[in-house]
Amino acid sequence: MYCRLLLISFLILPFSFLLSAQTDTSHLRISLLTCQPGDDLYSTFGHSALRVTDSSSNNDIVYNYGTFDFNEPGFYLKFIRGKLMYYLSTQDFDSFKNFYQEENRGITEQVLQLTLSEKKKIIRLVQQNLESENRFYKYDFTFDNCTTRLRDLIEKTADTTTFYGNVLKEKTRFRQLIYEYLNYNDKQWSKLGIDLFLGSKTDAVMSNRQVMFLPDYLLRTLNVTKIGSTPVVLSSQNLYVTSPKNNDQNFITHPEFIFSVFFILIVMLSFSKNLSIQKFIYNFDGFIFFITGLLGIVMLIMWFGTDHVMCRNNYNLLWAWPTHAVVAFFINRRKSTERIYFKLAVLINSVVLIVWFFLPQHMNISLIPVVMLLIFRSAMIGYNRRKYN
């Protein structure tokens with residue numbers, strides 16, 4: 001009997017070592033924290049952070065790659081140019097949790113099923129990232145942010161290959177997922193701004209790995225991800241739960257409604273025979289074409305003068321001509337050169353409207369009344385010789 005037990009022990013011993021190497025039962029626990037979107041624009045897409053709990057030292061630290069400094073010199077210019085530096089910061093877990101509770105934003109924790117070597121490599125890497133020479137990185141909303149940094153951290157420290165599960169519908173694009181969050185809390189004007197300045201690259205189809213630029217999708221993907229044959233997520237729990245928010249949309253404040261009413265109003269006033277109203281309309285022409293040209297100039301700057309990859313190949317430049325900003329000052333001359341320019345604008349913008357839904361970039365439907373207004377006023381200028389002082 002004794003020999004039989006001894007034999008069984010020798011047979012089991014190697015498997016017990018293997019099991020202990022795969023599933024670590026040490027004092028270290030590493031988990032992903034996913035925070036729900038907030039009401040402010042900067043918090044629209046939620047947040048991700050890494051929690052490291054050490055039961056032997058009673059440390060409970062949150063590592064946050066989404067930290068930036070509003071007081072940094074040239075903050076807004078750097079943000080616009082895509083050169084704003086984000087950095088890794090640390091915070092005790094209770095302070096982190098209290099902040100999101102005060103903002104009434106839910107928190108979900110996923111405990112990661114990692115080996116001891118993987119945990120040690122993660123801790124070593126975040127400690128290296130805290131050093132002054134490694135702490136800062138150039139933020140990119142879709143490709144290098146507080147969430148993708150955590151995805152990369154898991155990849156780099158995995159003992160074997162990481163296999164991502166699929167949480168996407170077929171041919172899901174970056175803009176579609178961005179819309180999910182902008183539709184939340186009725187951020188239609190923010191959605192319009194995104195569509196104005198983000199070009200056709202935003203309509204590229206995403207891979208399973210790329211979808212993890214958003215915190216909620218990092219959470220969902222990790223739930224169906226494995227390192228080798230081991231699921232990444234050991235357990236999941238809601239640390240703070242909030243009530244569902246009202247997601248009703250206000251039609252009256254929607255840009256599509258406002259621009260449509262504005263278009264109808266200008267068309268009606270354009271046919272008025274009142275001299276004062278006609279002078280107002282022709283002064284309005286200078287304003288609307290200057291603003292349109294200014295938008296086009298900003299689009300060009302965002303495309304060629306910044307590091308924002310998603311701002312390139314912007315098809316909105318088909319109707320927002322930068323040259324409008326100059327021509328706006330010569331509208332009332334009614335010379336042949338100006339009239340030819342606006343006749344050409346009528347033709348090109350009409351073609352743009354016809355192919356609006358077939359362009360390789362999603363074009364915001366709220367802009368159709370704006371383009372129609374440009375066509376209408378271009379026609380009135382191009383085919384009318386009358387001057388107003």
Side-chain angles (χ1 to χ4, degrees), residues 32 34 36-37 44-48 82 108 110 139-152 154-155 161-227 231-233 247 249 254-256 299 302-303 306-320 351-368 371:
L32 175 72
T34 303
Q36 287 183 351
T44 296
F45 301 96
H47 183 55
S48 298
T108 301
Q110 293 167 292
Y139 176 85
D140 184 285
F141 174 66
T142 48
F143 298 115
D144 196 357
N145 62 28
C146 62
T147 303
T148 62
R149 289 257 155 175
L150 299 181
R151 174 203 65 196
D152 297 345
I154 295 171
E155 277 182 356
T161 306
T162 304
F163 299 99
Y164 295 116
N166 184 18
V167 297
L168 291 174
K169 296 179 181 178
E170 187 178 359
K171 294 184 178 180
T172 304
R173 306 173 191 277
F174 286 97
R175 199 182 303 266
Q176 289 175 258
L177 293 193
I178 293 172
Y179 271 11
E180 285 186 13
Y181 294 84
L182 294 177
N183 286 332
Y184 188 72
N185 285 346
D186 198 23
K187 290 185 172 66
Q188 297 301 323
W189 289 94
S190 298
K191 184 176 175 179
L192 176 62
I194 290 290
D195 286 343
L196 275 172
F197 297 110
L198 295 188
S200 62
K201 290 183 178 291
T202 317
D203 295 291
V205 175
M206 291 181 294
S207 67
N208 294 338
R209 187 175 185 275
Q210 288 174 326
V211 71
M212 289 182 278
F213 79 100
L214 291 168
D216 285 339
Y217 282 88
L218 175 63
L219 180 151
R220 297 181 199 180
T221 303
L222 289 186
N223 278 334
V224 290
T225 294
K226 294 182 178 180
I227 297 177
V232 170
V233 176
N247 199 26
Q249 295 187 2
H254 197 289
E256 184 179 350
M299 290 174 193
M302 297 298 288
W303 181 345
T306 75
D307 293 336
H308 294 295
V309 175
M310 290 300 190
C311 292
R312 298 170 187 170
N313 304 340
N314 193 341
Y315 281 75
N316 282 298
L317 284 161
L318 291 174
W319 62 267
V351 173
V352 170
L353 272 188
I354 293 171
V355 300
W356 191 264
F357 297 103
F358 302 98
L359 292 169
Q361 172 181 328
H362 174 82
M363 307 290 279
N364 195 303
I365 195 172
S366 300
L367 294 169
I368 289 180
V371 179

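With hydrogens and angles disregarded, no donor-acceptor distance shorter than 3.5 Å links the side chain of T221 to the backbone of L218. No donor-acceptor pair under 3.5 Å is formed between the side chain of E155 and the backbone N or O of T162.
Looking only at side-chain heavy atoms (C-beta outward), L182 and T44 come within less than 4.5 Å of each other. The side-chain heavy atoms of F197 and H308, taken from C-beta on, include no pair separated by under 4.5 Å. Counting only heavy atoms from C-beta outward, the side chains of D307 and D140 never approach each other to under 4.5 Å. Considering only heavy atoms from C-beta on, N316 comes within 4.5 Å of M363 through its side chain. Counting only heavy atoms from C-beta outward, the side chains of M206 and Y217 never approach each other to under 4.5 Å. Within the 4.5 Å cutoff, no side-chain heavy atoms of N314 are placed close to those of M302. Proximity of C311 to L198: side-chain heavy atoms (C-beta onward) are separated by under 4.5 Å at one or more points.
Using cut-offs of 30° and 60° on the angle between ring planes, the pair F213 and F141 is perpendicular. Classification of the F143-F174 ring pair by plane angle, with boundaries at 30° and 60°, yields perpendicular.
Atom CG of N313 sits about 8.5 Å away from atom CD of Q361, to the nearest 0.5 Å. For the atom pair CG of N166 and CG of N208, the computed distance is 4.0 Å after rounding to the nearest 0.5 Å. For the atom pair CG (D195) and CD (Q188), the distance works out to 10.0 Å, reported to the nearest 0.5 Å. The distance from atom NE2 of H362 to atom CD1 of I178, rounded to the nearest 0.5 Å, is 11.5 Å.
The side-chain contact (heavy atoms from CB on, under 4.5 Å) check on V371 picks up W319, N349, L353, W356, I375, with sequence neighbours excluded.
Across all their heavy atoms, G46 and P215 have their closest contact at C-CG, 3.6 Å.
Each salt bridge (charged side-chain N to carboxylate O under 4.0 Å, His left out) pair with one or both residues in residues 197-208, not counting sequence neighbours, appears once here: R175-D203.
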